[in-house]
Each structure stands twice: as C-alpha cells, then as structure tokens.
Engineer: 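Would you mind keeping the following structure in view while I ask a few things?
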Amino acid sequence: VKIVVCVKQVAVLGDEVEFTDDARDVDPDFLDDALNEWDSYATEEALGIRERVGTEGDEVVVVSVGDAEVEKSMRRCLAMGADRAIRVDTSGFHDPITIARLLEPVVRGESPDLVLCGVQSSDAVQAATGTALAELLDLPRVAVVTRIEWDPGSGRATVDRELEGGLVDVTEVDTPALLTIQTGINKPRYATLRAIKQAEQKEIQTVPAGEAGQPVFRVRRMFAPPKGKGAELLGGSPAEIAGRIAEIVKERLR
Amino acid sequence: MSETLVVAEHLRGALRDVTGELVTAAAQLGNPVVVAVIARDPSQLDARFEGVDEVVNVPVAQGEFENDVYQRVLEALLAERRPQAVLLGFTVNSMGYGPAVAAKLGLGFASDVHALAREGEAVIATRSFYGGKVDAEVEFPDGRPVLLLIRPTAFAPAATGGSPSVSSGSVEIPASRARHVDFREPAGGDVDITTADFLLSIGRGIGEQDAIPQFERLAEKLGAVLSVSRPLVDAGWMTNARQVGQSGKTVKPKVYLALGISGAVQHLAGMKTSGTIIAVNTDPEAAIFSVAHFGAVADLFDVADELEQLS
C-alpha cells in the first residue's frame with residue numbers, strides 16, 4: 001500500500017505579539033515553528049497502518065507546501081519512519097484551499113491507496129485543506145477520524161468520525177479515500193536520535209508550485225482581540241494569588 | 001434577489017443549537033435569510049426561527065448526515081438560488097463537505113468565523129489565527145458567493161416562532177461513498193462534570209502524567225470536581241468523561257478554575273458561560289484570559305501548592 005500524509009509546519013506565537021507594518025500578519029520575529037500537532041498523529045497513523053496491514057514495498061510519503069524552512073518538520077516525519085518526502089516549493093501565506101490546489105497534482109501523481117491529513121492546523125484552524133483536497137482528487141473522504149479499520153484488499157474502510165460531545169459516527173468509506181485525522185487517535189512515536197540523524201541525510205524532493213488561482217480570502221487587518229470584559233488581574237506572590245482565588249471561590253459558591 | 005443561505009444541522013431527529021446561531025449570523029448580512037433542511041423528513045424539524053424568510057425542505061433518503069449528500073444538495077441550491085453567502089456551522093459535519101464545495105465552485109471561503117459584517121456589497125468576516133491569540137478581518141474575491149463556517153456559540157441563537165414561507169426542493173443524490181453505519185456513545189465515566197458547581201480544570205500546562213494525583217488531591221480539598229482539556233484525554237491520562245470543550249462536555253459551573261489551560265477555541269466553547277472563570281497561566285497572551293473574569297499570570301504549580309496549604 002501507499003499512504004500519502006500531507007503535513008504543515010505551523011507558526012507558534014509566543015508570549016508577546018507585534019504586527020507587521022501593513023498589519024496583515026504577525027511579525028515573523030514573534031513566531032516559532034513546529035510540526036502541526038494533528039499532522040504528527042496523521043503520520044503516526046500512516047506508519048501504524050503500514051505496520052499492521054502492510055507488506056514489503058509499502059510506502060509512507062510525506063508531502064508539504066512551503067519554502068526550504070518547512071523541511072525541518074518534514075524531517076521529523078522522516079525520522080518517525082516515513083519513507084520519502086516531497087515539498088511543493090512556494091513561499092508566503094496561502095489559504096487552505098490554495099494549499100489543496102498546490103498539493104493536488106503531487107498527491108495525484110503518487111496514486112495513493114490512502115491520503116491522511118490532520119483535521120486542522122494549530123495556527124490557522126481552518127479544518128479545510130483535507131476536505132478540499134479530497135474534492136480536487138475526487139476521493140471519498142471522512143473528516144475528524146479517531147479510528148481506522150482497513151483491509152486494503154476490501155476496497156473500503158470502517159472509521160470512527162468524532163462528533164461534538166464525543167459521540168462517534170461509525171462510517172463506512174470506499175477506498176482509496178482521504179481521511180482527516182483527529183488528535184488522540186494514537187500515540188505519536190518519538191524518533192530516536194539515530195533516526196533523526198539519518199533523516200537529516202535523506203533527500204527531500206522538491207517540485208515547483210503549480211497554478212493555484214485566486215485566493216479564497218485575503219487578510220485585511222490583523223489585531224489583538226479585545227481582552228476579556230472586566231477581567232481582573234490577580235497580582236502578587238503565588239501565596240497572595242492563591243489567597244485571592246480562595247476568597248473568590250468562597251464568595252461565588254455561596 | 002441576493003440571499004443568505006443557512007444549512008440546518010440536525011442529529012438523531014433534532015435540530016442542533018448551531019442552526020439558530022447561524023440564523024442570527026445570517027441576519028448580520030442584511031439579505032433575506034433562507035434555511036435549507038436536508039433530512040429524510042424535513043417537516044419534522046422546525047427551522048422556523050425569527051428572522052427566517054424562507055425554509056427550503058429537501059427530502060433525502062439518508063436519515064443522518066453523509067457528506068456526499070450534503071455536498072450534492074448544497075451545490076444544487078447554489079446553482080438554483082445563487083445566494084450571496086452560505087453559512088454552515090464550524091462543526092464536524094460541515095468540515096466534511098463545506099471546503100469541498102468551496103474548492104469545487106471557486107467560492108470565497110473562511111472557517112471558524114466569529115463575527116460578520118457587510119460593507120457595501122462586500123462580506124467581511126472576522127476569524128482567529130495563531131491559537132486564538134490574534135483576530136483578523138478577511139475579505140473575499142469580488143463577484144463570487146462566499147461560504148463561511150461559523151464558530152458555534154459565537155452568535156446568540158435566534159428565537160423560534162417565525163413565520164417564513166416553506167418550499168421544498170428535490171435533488172437527485174448519487175450513492176454515498178462514505179456511509180453512516182451507527183452511532184456509538186462516548187465511553188461512560190464515573191463522574192458527571194456538567195452538574196458540578198465548582199470545577200478545577202487542568203490542561204497541558206501540568207506537563208506530566210505524574211502531576212495528576214496532586215490535582216486530584218487539590219480538587220478534593222477544595223470541594224471541586226476535576227475536569228481537563230483535550231490534550232490530557234488525547235494523551236490517555238484522563239477519560240473523555242472529564243473533558244471540557246466541543247468534543248467533550250459543555251459545562252456551566254458557578255466557578256471554573258483553569259490551571260494551565262491556554263484556551264483553544266474548542267475548549268472555550270465548552271466553558272465560557274461559566275458563572276465565574278478564574279485562569280492561571282504563565283502566558284499572558286493565552287486565549288483563556290479573553291473569557292476569564294479573574295486571571296493570574298503565574299506558575300500553576302506555585303499557585304496550586306499555596307491553594308493546597310490554604311484548604
């Protein structure tokens with residue numbers, strides 16, 4: 001089997017924030033990067049499936065969109081055990097549907113048996129790339145999956161779709177399919193130091209970005225949200241803070 | 001005439017709360033509001049909210065949500081009615097087809113939208129970025145309909161009891177490629193966090209599984225029930241029964257004391273109507289402070305140790 005996992009290197013905002021001069025994004029100096037948490041679960045799930053049902057010659061291929069910087073996160077997936085990685089070379093911010101359009105020809109070219117994406121990214125929280133990509137690839141899809149039962153020969157998989165409140169919708173989906181993976185579906189493995197070193201040496205194939213068309217939205221203005229209405233700051237030492245909390249609790253529980 | 005189309009959500013024969021919220025959101029855009037009800041028997045679901053001009057009932061064979069069915073019906077409604085905007089909930093169901101429709105038809109698109117405005121002919125949506133720490137106003141391509149996924153609980157639900165006209169549509173639906181089989185209830189627990197007056201809620205900030213007994217002890221001393229945010233359930237440290245948030249329980253205790261919870265949108269949706277919210281976090285920009293009544297920027301362990309000594 002061949003499983004393609006689409007991953008994103010996300011931006012993590014620290015304790016402070018300043019905006020770019022045009023106020024359309026956060027100043028990059030205030031951002032760190034990381035492999036999107038959902039995508040580490042998606043990668044683990046692909047590796048787990050390969051271990052459970054796979055045979056010799058199976059492949060887990062990681063695909064991402066971005067500049068050379070994002071190879072850092074792709075190498076994490078390689079260190080976890082992915083076989084190959086392909087980067088669609090582009091830079092700057094893209095909306096999720098544009099990302100799906102850029103991923104589409106690369107994923108199609110791999111003819112995968114299964115495509116896994118994270119449900120959403122922690123920085124943009126659109127929950128859209130996977131479902132849009134499935135449409136462009138004309139693949140059956142299920143969003144927000146917390147369990148996969150799949151016999152590759154059967155042409156279908158049974159998956160749990162996690163609804164609000166934790167209710168599970170057991171869904172049967174034809175394969176090949178695209179599934180968006182929810183956190184908690186598995187325990188992403190840690191890469192060994194040796195695997196990390198080996199991943200450093202692996203070649204990441206790059207392909208030029210195709211024509212993505214018009215963006216589906218454009219940020220006009222980014223700003224710090226208004227702070228809580230009347231949120232009162234409790235200052236002082238931990239003992240003083242604890243004392244105030246105890247008072248407030250006592251008063252409010254009366 | 002340009003209209004705003006809302007797709008009703010329902011589950012096991014009942015409308016979901018988000019439907020009324022979408023009607024309120026739709027009203028922000030000023031156009032006539034049309035609600036589409038896609039169900040085996042749409043007339044059993046009362047979508048006649050105040051502010052709704054028309055309800056379109058679309059009967060389908062499937063009793064429960066399937067993304068191929070909703071996609072096909074929405075595409076048909078878009079072609080037939082040419083709405084200026086389509087509003088869906090930012091819910092698990094909509095995540096399964098909304099972005100597909102937008103990608104296929106080249107619509108303007110944004111999700112997790114929590115405020116909406118209209119400027120002239122243009123729709124302006126506000127959504128969050130970077131873990132809810134910043135907001136952004138986004139604009140859309142000219143001359144295209146927009147499809148927006150609206151954050152649950154961001155808008156107050158519209159009142160029922162409107163008197164819209166009711167029409168019905170018929171759409172041919174091909175066989176679904178992803179089919180509903182059954183529902184399974186979340187694993188039960190020994191505890192009902194939704195009835196507690198006082199929740200001590202812990203999150204990723206506690207760092208290690210080994211820290212949990214300390215907070216179980218603290219909760220007992222304080223007379224609180226212990227609840228958690230999603231990462232602790234994902235890690236397998238606590239059961240889903242104690243999870244607060246969209247994929248867990250919605251709670252409204254008198255006091256919600258959050259230690260080391262950054263406040264992901266999905267968490268806030270499950271607790272923001274609590275009577276009094278007290279948050280302790282080392283990150284002054286943590287989104288939890290945007291809903292808290294009292295906040296302390298401090299190490300949660302220092303504060304927890306002091307609280308334990310007090311009680």
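Throughout, a chain's letter reflects where its sequence line sits, starting with A, and its residues are numbered from 1. Note: hydrogens, waters and symmetry copies are ignored here, and every other heavy atom, side chains too, is used.
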Engineer: Please identify, among Val138(B), Val297(B), Asp135(B), the residue contributing the most non-hydrogen atom pairs under 4.5 Å to chain A.
Structural biologist: Asp135(B)

Engineer: With only heavy atoms counted, which part of Gln71(B) is less than 4.5 Å from chain A, the side chain, the backbone, both or neither?
Structural biologist: side chain

Engineer: Check whether Thr175(A) reaches the backbone of Ala177(A) with its side chain - one donor and one acceptor, N or O, closer than 3.5 Å.
Structural biologist: no

Engineer: Quick check on Leu13(A) against chain B: is it the side chain, the backbone, both or neither that has a heavy atom closer than 4.5 Å?
Structural biologist: both

Engineer: Report which part of Gln126(A) has an atom under 4.5 Å of a heavy atom belonging to chain B: side chain, backbone, both, or neither.
Structural biologist: both

Engineer: Need one label for Asn93(B): side chain, backbone, both or neither, based on atoms under 4.5 Å from any heavy atom in chain A.
Structural biologist: both

Engineer: Against chain B, label Ile185(A) side chain, backbone, both or neither, depending on which of its atoms sit under 4.5 Å from a heavy atom there.
Structural biologist: neither

Engineer: Would you please say whether a donor-acceptor pair under 3.5 Å links the side chains of Glu149(A) and Thr158(A)?
Structural biologist: no

Engineer: Show the nearest heavy-atom pair for residues Ala292(B) and Ala279(B), with the distance to one decimal.
Structural biologist: CB-CB, 4.0 Å

Engineer: For chain A, which candidate among Val265(B), Val146(B), Asn67(B), Thr126(B) shows the most heavy-atom pairs at distances under 4.5 Å?
Structural biologist: Asn67(B)

Engineer: Report yes if the side chains of Arg161(A) and His180(B) come closer than 4.5 Å at any heavy-atom pair, otherwise no.
Structural biologist: no

Engineer: Do the ring planes of His10(B) and Tyr70(B) sit parallel (below 30°), tilted (30 to 60°) or perpendicular (above 60°)?
Structural biologist: tilted

Engineer: Using a strict 4.0 Å threshold on nitrogen-to-oxygen distance, state whether Arg179(B) and Asp68(B) make a salt bridge.
Structural biologist: no

Engineer: Flag the pair Lys250(A) and Glu247(A) as a salt bridge only when some basic side-chain nitrogen lies within less than 4.0 angstrom of an acidic carboxylate oxygen.
Structural biologist: no

Engineer: Using heavy-atom distances under 4.5 Å, tell me whether Ala239(A) contacts chain B through its side chain, its backbone, both, or neither.
Structural biologist: both

Engineer: At a heavy-atom separation under 4.5 Å, does Leu310(B) approach chain A through its side chain, its backbone, both, or neither?
Structural biologist: side chain

Engineer: Determine the option with the most heavy-atom pairs under 4.5 angstrom with chain A, choosing from Val255(B), Asp299(B), Asp197(B).
Structural biologist: Val255(B)

Engineer: Can you tell me which portion of Val280(B) sits under 4.5 Å from chain A's heavy atoms? Options are side chain, backbone, both or neither.
Structural biologist: side chain

Engineer: I need the residue from Thr146(A), Leu136(A), Val125(A) with the largest number of non-hydrogen atom pairs under 4.5 Å to chain B.
Structural biologist: Val125(A)

Engineer: Do you know which of Lys254(B), Glu139(B), Met95(B) has the most heavy-atom pairs with chain A at a distance under 4.5 angstrom?
Structural biologist: Glu139(B)

Engineer: Does the side chain of Phe198(B) come within less than 4.5 Å of Arg252(A)'s, by heavy atoms?
Structural biologist: no

Engineer: Taking heavy atoms only and a threshold strictly under 4.5 Å, list by residue number the residues of residues 242-251 of chain B that touch chain A; give 'none' if the list is empty.
Structural biologist: Gln246(B), Ser247(B), Gly248(B)

Engineer: Quick check on the interface: out of Arg204(B), Glu308(B), Glu66(B), Arg144(B), who has the most heavy-atom pairs with chain A under 4.5 Å?
Structural biologist: Arg204(B)

Engineer: Identify which part of Ala124(A) has an atom lying under 4.5 Å from any heavy atom of chain B, answering side chain, backbone, both or neither.
Structural biologist: both

Engineer: Could you tell me whether Arg189(A) and Glu44(A) make a salt bridge, using a distance below 4.0 angstrom between a side-chain N and a carboxylate O?
Structural biologist: yes

Engineer: Using a strict threshold of under 4.0 Å (side-chain N to carboxylate O), is an ion pair present between Glu135(A) and Arg141(A)?
Structural biologist: yes

Engineer: So what's closer than 4.5 Å to chain A heavy atoms on Ala298(B): side chain, backbone, both or neither?
Structural biologist: side chain

Engineer: Where do Thr129(A) and Ala100(A) come nearest, in terms of heavy atoms and distance?
Structural biologist: O-CB, 3.8 Å

Engineer: Shorter than 4.5 Å, heavy atoms on both sides: which option in Gly213(A), Gly165(A), Ala127(A), Gly130(A) has the most such pairs with chain B?
Structural biologist: Gly165(A)

Engineer: Is chain A contacted by the side chain of Arg12(B), its backbone, both, or neither, given a heavy-atom distance below 4.5 Å?
Structural biologist: side chain

Engineer: Quick one: side-chain contact (heavy atoms from CB on, under 4.5 Å) partners of Gln309(B), sequence neighbours excluded?
Structural biologist: Glu306(B)

Engineer: Checking Leu133(A) against chain B: side chain, backbone, both or neither under 4.5 Å from a heavy atom?
Structural biologist: neither

Engineer: Taking the side chain from Glu164(A) and the backbone from Val92(B), do they hold a donor-acceptor pair closer than 3.5 Å?
Structural biologist: yes

Engineer: I'd like to know if the side chain of Ser262(B) and the backbone of Ala286(B) have a donor-acceptor N/O pair within less than 3.5 Å.
Structural biologist: no

Engineer: State, yes or no, whether a side-chain contact exists between Leu149(B) and Asp112(B) at a heavy-atom distance under 4.5 Å.
Structural biologist: no

Engineer: Mind listing the closest non-hydrogen atom pair of Leu102(A) and Val106(A) along with its distance?
Structural biologist: O-CG2, 4.3 Å

Engineer: Tell me, for Ser122(A) versus chain B, whether the close heavy atoms (under 4.5 Å) come from the side chain, the backbone, both or neither.
Structural biologist: backbone

Engineer: For the side chain of Asp113(A) and the backbone of Ile3(A), is there at least one donor-acceptor N/O pair under 3.5 Å apart?
Structural biologist: no

Engineer: Please identify, among Val17(A), Ile245(A), Asn186(A), the residue contributing the most non-hydrogen atom pairs under 4.5 Å to chain B.
Structural biologist: Ile245(A)

Engineer: If only atom types and distance count, is the side chain of Asp123(A) paired as donor or acceptor with the main-chain N or O of Ala11(A) below 3.5 Å?
Structural biologist: yes

Engineer: Under 4.5 Å from any heavy atom of chain A, what part of Ala269(B) do you find: side chain, backbone, both or neither?
Structural biologist: neither

Engineer: Taking NZ, NE, NH1 and NH2 as the nitrogens, is one of them in Arg230(B) or Glu162(A) under 4.0 Å from a carboxylate oxygen of the other?
Structural biologist: yes

Engineer: Considering only heavy atoms and a distance below 4.5 Å, find which of Val142(A), Ile248(A), Asp25(A) pairs most often with chain B.
Structural biologist: Ile248(A)

Engineer: Do the side chains of Lys133(B) and Glu285(B) get close enough for a salt bridge, i.e. N-O under 4.0 angstrom?
Structural biologist: no

Engineer: Specify which of Val101(B), Asn240(B), Ile124(B) makes the most heavy-atom pairs with chain A at under 4.5 Å.
Structural biologist: Ile124(B)

Engineer: Asp95(A) versus chain B, heavy atoms under 4.5 Å apart: side chain, backbone, both or neither?
Structural biologist: neither

Engineer: Please state whether the side chain, the backbone, both or neither of Glu240(A) comes within less than 4.5 Å of a heavy atom of chain B.
Structural biologist: neither

Engineer: Answer whether the closest heavy-atom distance between the side chains of Val69(B) and Ser176(B) falls below 4.5 Å.
Structural biologist: yes

Engineer: Salt-bridged, Arg177(B) to Asp138(A), with N to O below 4.0 Å?
Structural biologist: yes

Engineer: With respect to chain B, which residue among Asp169(A), Val173(A), Val219(A), Val26(A) yields the maximal number of heavy-atom pairs within a distance under 4.5 Å?
Structural biologist: Asp169(A)

Engineer: Please rank Val10(A), Asp160(A), Thr98(A) by heavy-atom pairs under 4.5 Å with chain B and give me the top one.
Structural biologist: Asp160(A)

Engineer: So what's closer than 4.5 Å to chain B heavy atoms on Val12(A): side chain, backbone, both or neither?
Structural biologist: neither

Engineer: By a 4.5 Å heavy-atom criterion (distance strictly below it), what part of Leu257(B) contacts chain A: side chain, backbone, both, or neither?
Structural biologist: side chain

Engineer: Need one label for Ile277(B): side chain, backbone, both or neither, based on atoms under 4.5 Å from any heavy atom in chain A.
Structural biologist: neither

Engineer: Could you tell me which portion of Ser94(B) (side chain, backbone, both or neither) has an atom closer than 4.5 angstrom to a non-hydrogen atom of chain A?
Structural biologist: neither

